Amino acid sequence: MSWQREYKGAGTTFPAVILGLVFLFIGAVFTILMGWVGLLIVAVGIALPVLVLWLGRQQTIICNDQGFTVRHASRRSGTNEVTYAWHEVTATQYYERRVGAEGQRRGHFAVDTVRGRAFVVTQGMRNFADLIDLVNHMTIQLPYVWVSRVGFALKIGPATVGREAYQAVPREQVARR
């Protein structure tokens with residue numbers, strides 16, 4: 001029996017529209033107060049969402065029992081699809097990077113194949129943990145799996161003490177549990 005699951009990356013359309021509306025509002029106020037400066041801000045409020053929609057790229061990963069397809073779609077360059085078999089996966093990697101002024105950590109999950117890096121997804125993606133579990137389950141050729149950890153993060157001034165959300169565990173250890 002065949003199955004299929006679809007994972008979509010976080011889109012940038014909604015935040016761009018909200019930011020554009022903020023610029024439009026600020027521009028309207030400045031137009032009343034300062035004239036041409038406000039009109040420039042209004043122009044930015046209109047151009048920003050248009051640019052994000054034009055330059056933005058949506059990544060979708062479609063998994064089934066045979067492998068997975070990585071689809072990149074954008075208004076500028078169209079749609080590009082690459083299909084991989086599960087046996088082509090040579091490595092997976094979980095890592096975290098700090099983002100924003102607060103230094104929040106965001107998880108990334110990458111899948112490498114014999115043809116190079118297939119995809120990288122971030123924690124903002126819906127069903128992020130489910131995708132990691134599925135890749136763990138389907139890539140039996142890898143000697144490890146990624147297991148979520150229960151941990152803590154303690155912030156003391158500029159330093160943050162904590163652990164990554166996933167750790168690589170030998171496949172044999174997980175099978176014995």
Side-chain angles (χ1 to χ4, degrees), residues 1-25 27 40-102 104-148 164-168 171:
M1 175 159 228
S2 184
W3 52 270
Q4 181 172 310
R5 292 186 187 159
E6 190 171 293
Y7 302 91
K8 288 189 178 210
T12 57
T13 304
F14 184 71
V17 169
I18 295 298
L19 191 59
L21 289 173
V22 168
F23 271 99
L24 286 174
F25 177 75
L40 288 175
I41 296 172
V42 167
V44 169
I46 293 170
L48 183 69
V50 171
L51 278 173
V52 168
L53 288 173
W54 178 253
L55 298 175
R57 194 170 93 156
Q58 177 72 36
Q59 175 177 267
T60 305
I61 301 159
I62 304 160
C63 301
N64 60 38
D65 54 348
Q66 302 300 313
F68 58 95
T69 300
V70 180
R71 177 185 304 148
H72 291 110
S74 84
R75 287 178 171 79
R76 182 176 45 102
S77 59
T79 301
N80 178 30
E81 284 188 0
V82 181
T83 301
Y84 303 90
W86 289 114
H87 66 83
E88 290 183 72
V89 176
T90 57
T92 57
Q93 181 183 12
Y94 175 85
Y95 58 94
E96 292 182 352
R97 288 195 177 146
R98 297 196 187 283
V99 294
E102 291 289 315
Q104 296 174 337
R105 295 162 67 166
R106 172 162 278 175
H108 295 74
F109 183 67
V111 173
D112 294 325
T113 68
V114 293
R115 294 185 264 168
R117 176 136 306 163
F119 65 84
V120 177
V121 293
T122 60
Q123 212 166 5
M125 169 189 223
R126 190 182 317 151
N127 298 327
F128 179 75
D130 184 52
L131 176 62
I132 293 174
D133 290 340
L134 178 64
V135 172
N136 282 338
H137 181 72
M138 298 306 290
T139 55
I140 57 175
Q141 71 274 18
L142 298 180
Y144 57 88
V145 294
W146 292 98
V147 177
S148 65
E164 291 187 339
Y166 285 87
Q167 70 178 8
R171 191 172 288 276

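Counting from 1, the numbers follow the sequence of the chain as shown. All figures in this text were calculated on a predicted structure; none of them were measured in a lab.
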Candidate pair Phe119 and Val82, rule side-chain contact (heavy atoms from CB on, under 4.5 Å), full reasoning: CA-CA 10 Å; Phe119 65 84; Val82 181; over 6 Å; no
Kindly indicate, with the supporting measurements, whether the criterion side-chain contact (heavy atoms from CB on, under 4.5 Å) is fulfilled by Trp146 and Phe109. CA-CA 10 Å; Trp146 292 98; Phe109 183 67; 3.7 Å; yes
Please determine whether side-chain contact (heavy atoms from CB on, under 4.5 Å) holds for the pair Leu131 and Cys63, giving the CA-CA distance in whole Å, both sets of side-chain angles, and the decisive distance to 0.1 Å. CA-CA 9 Å; Leu131 176 62; Cys63 301; 4.1 Å; yes
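Remark: Tyr7 OH to Met125 CE distance equals 8.0 Å, nearest 0.5 Å. Put simply, OG1 on Thr92 and CG on Asn136 are 6.5 Å apart, with the number rounded to the nearest 0.5 Å. Considering CG of Leu48 and CD1 of Ile18, their distance stands at 12.0 Å, rounded to 0.5 Å. The line from CG of Leu19 to CG of Leu24 is 10.0 Å long, rounded to the nearest 0.5 Å. The distance from atom CH2 of Trp3 to atom CD of Gln66, rounded to the nearest 0.5 Å, is 9.5 Å. His108 contributes atom NE2, which lies 8.5 Å from atom CZ of Phe128 (distance to the nearest 0.5 angstrom).
Taking each heavy atom of Tyr94 and Glu96 in turn, the nearest pair found is OH-OE2, 2.7 Å. In this structure, Met138 and Asp65 approach most closely via the heavy-atom pair CE-O, 3.6 Å. Taking every heavy atom of both residues into account, Thr60 and Glu6 meet most closely at CG2-CG, 3.5 Å. Here the shortest heavy-atom pairing between Gly20 and Pro49 reads CA-CG, 3.9 Å. Across Ala110 and Tyr95, no two heavy atoms sit closer than the pair CB-CE2, 4.5 Å.
Counting only distance, with no hydrogens or angles, the side chain of Arg57 and the backbone of Arg76 share no donor-acceptor pair below 3.5 Å. For His72 (side chain) and Val70 (main-chain N/O), no donor-acceptor pair under 3.5 Å exists by modelled atom type. In this structure a side-chain-to-backbone donor-acceptor pair under 3.5 Å is present from Gln141 to Trp86. Judged by distance alone, with hydrogens and angles left aside, the side-chain atoms of Tyr144 form no donor-acceptor pair with the main-chain N or O of Ala91 at under 3.5 Å. Side-chain atoms of Gln59 never come within 3.5 Å of backbone atoms of Val121 as a donor-acceptor pair (strictly under, hydrogens ignored). In terms of modelled atom types and a separation under 3.5 Å, the side chain of Arg171 and the main chain of Leu142 share a donor-acceptor contact.
When each of Ile62, Thr113, Thr83, Leu134 is checked for a side-chain contact (heavy atoms from CB on, under 4.5 Å) with Phe68, only Thr113 meets the rule.
Side-chain contact between Lys8 and Gln58: present, with at least one pair of heavy atoms (C-beta onward) separated by less than 4.5 Å. Under the 4.5 Å side-chain criterion, counting only non-hydrogen atoms from C-beta, Glu81 is in contact with Arg71.
Contacts of Arg5 classified as salt bridge (charged side-chain N to carboxylate O under 4.0 Å, His left out), with partners at least two apart in sequence or in another chain: Asp130.
Surrounding CD1 of Ile140 are at most 12 heavy atoms belonging to other residues, nucleotides or ligands under 6.0 Å away.
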